[in-house]
Amino acid sequence: MRDRMQRLRRGAVTGVGIAATAVVLVSCGGDRNASSNDNGQNTLRPAGPAAHKILSLFTPFFWVAVVVGVAVVGMTFYVALRFRVRPGEERSPVQTHGNTVLEVSWTIIPFLILMVMAVPTIATIFNLAKTPKGKDVVHIEVAARQWFWQYTYTDPSTGFLTANEMHIPINRPVLLTLTSNNVIHSFWVPELSGKKDVVPGHPNTLTIEGDRTGTFLGQCAEYCGLSHANMRLRVIVQTEADYDKWVQEQQTPLSAANVQEFDKKISGEWGCTSCHSVTNRVKGPDAVGASVGPNLTRVGDRAAFAGDIYPMQLDPLTKWIYDAPHQKPAGPLVNWMPNFSSRGMSQQQAADIAKFLICDTATDPASHPECK
Ligand code: CUA
């Protein structure tokens, strides 16, 4: 009788322990609005067909894994408790070797589960790998650099170069061609699609598409050097009208006076044009090739700079121009923005260049409070 009570009590303690663990685990999930670490990269909140397909593959697999996990861990606990040695007990378990029925069944059952799961997995892989065709498709070449993303819009209706911030029209497939001339990177915007490696000498393709408007953040997902974590990006999904407007803005060259100011006053003194350009057309007489640093033609229109890590504001941009290596580590191996403060640039000169870059390249300078 006493023995039975003891067992009941121990069972109750174990039950409470398991329930408490479950409560802690569930509360880790949290509400996305209340959560402080919402970085806008949530695969459980898909915003495009590719991301939806991946989620609908993930969800049933997750529950299969939960059932298997709970069964295995539960049985382990049960056996450990049920067959443990009790005080005063002196017995050895019955010694056996092998149990054909058990061994065959725990081989066949997982095999069958994996075979069933392979069917939708392979189907989804092939489905996601399809190349979209038709007039609707937007083509963008993505070049991964250490450490920023360069985008070349290659369609006849676009034909320009930009960096870090990609704009795409809603409900239209966007075929990305991913290239690298340095190391391996990985392009990843979780709410729009899975990740795809960017491999030197082997262009990969990835189709993304947004089914709601908004800003979707992404980042490089393959370790690519010291500032791998500072290689972020954003994709802005826009209505067709907003997207057309943005394309037009990108295609509008800077005024001749602004280009001249950049070439003479800014680049002449500091050599900026050896890495950057303020023209962005990829065809025609004023075409530019790929550059070492991000294209700056409409840099004032972007929300952030330096691999999408600093907001496009005077202060951070001034600090960046003054002394970039201390704003984003690069190490000795990478061709990198120099520390201009050690080349005699004053803070005021850096601030002047920052102001030019934000206010004279922005389509609508009034949208920056600092440009008024
Ligand atoms: Cu590029 Cu990590």
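Please read these numbers as outputs of a predicted model, since none were measured by experiment. One-based numbering, in listed order, for ligands and for the atoms of each. Along the sequence shown, residues carry numbers from 1.
In Glu103, the CD atom is crowded: over 12 heavy atoms of neighbouring residues, nucleotides or ligands sit closer than 6.0 Å.
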Using residues 55-65 as the side-chain source, report each donor-acceptor pair under 3.5 Å to any protein atom, sequence neighbours left out, with the distance given to one decimal.
{"residue": "Ser56", "atom": "OG", "partner": "His52", "partner atom": "O", "Å": "2.9"}
{"residue": "Ser56", "atom": "OG", "partner": "Lys53", "partner atom": "O", "Å": "3.2"}
{"residue": "Thr59", "atom": "OG1", "partner": "Leu55", "partner atom": "O", "Å": "2.8"}

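Under the side-chain hydrogen bond (donor to acceptor under 3.5 Å, both in side chains) criterion, the residue pairs touching residues 158-174 are Thr162-Arg302, Glu165-His167, His167-Gln238, His167-Trp246, Arg172-Glu240, with sequence neighbours excluded.
Evaluation of the disulfide (SG to SG under 2.5 Å) rule for Cys275 yields no partner, not counting sequence neighbours.
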Q) Given Glu269 and Lys265, is the salt bridge (Lys or Arg N to Asp or Glu O under 4.0 Å) satisfied, shown in steps? A) CA-CA 6 Å; Glu269 226 165 315; Lys265 212 174 112 198; over 6 Å; no
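The number of protein N/O/S atoms found under 2.8 Å from atom 1 (Cu) of ligand 1 is 4.
Minimum heavy-atom separation, Pro329 to Trp147: O-CZ3, 4.0 Å.
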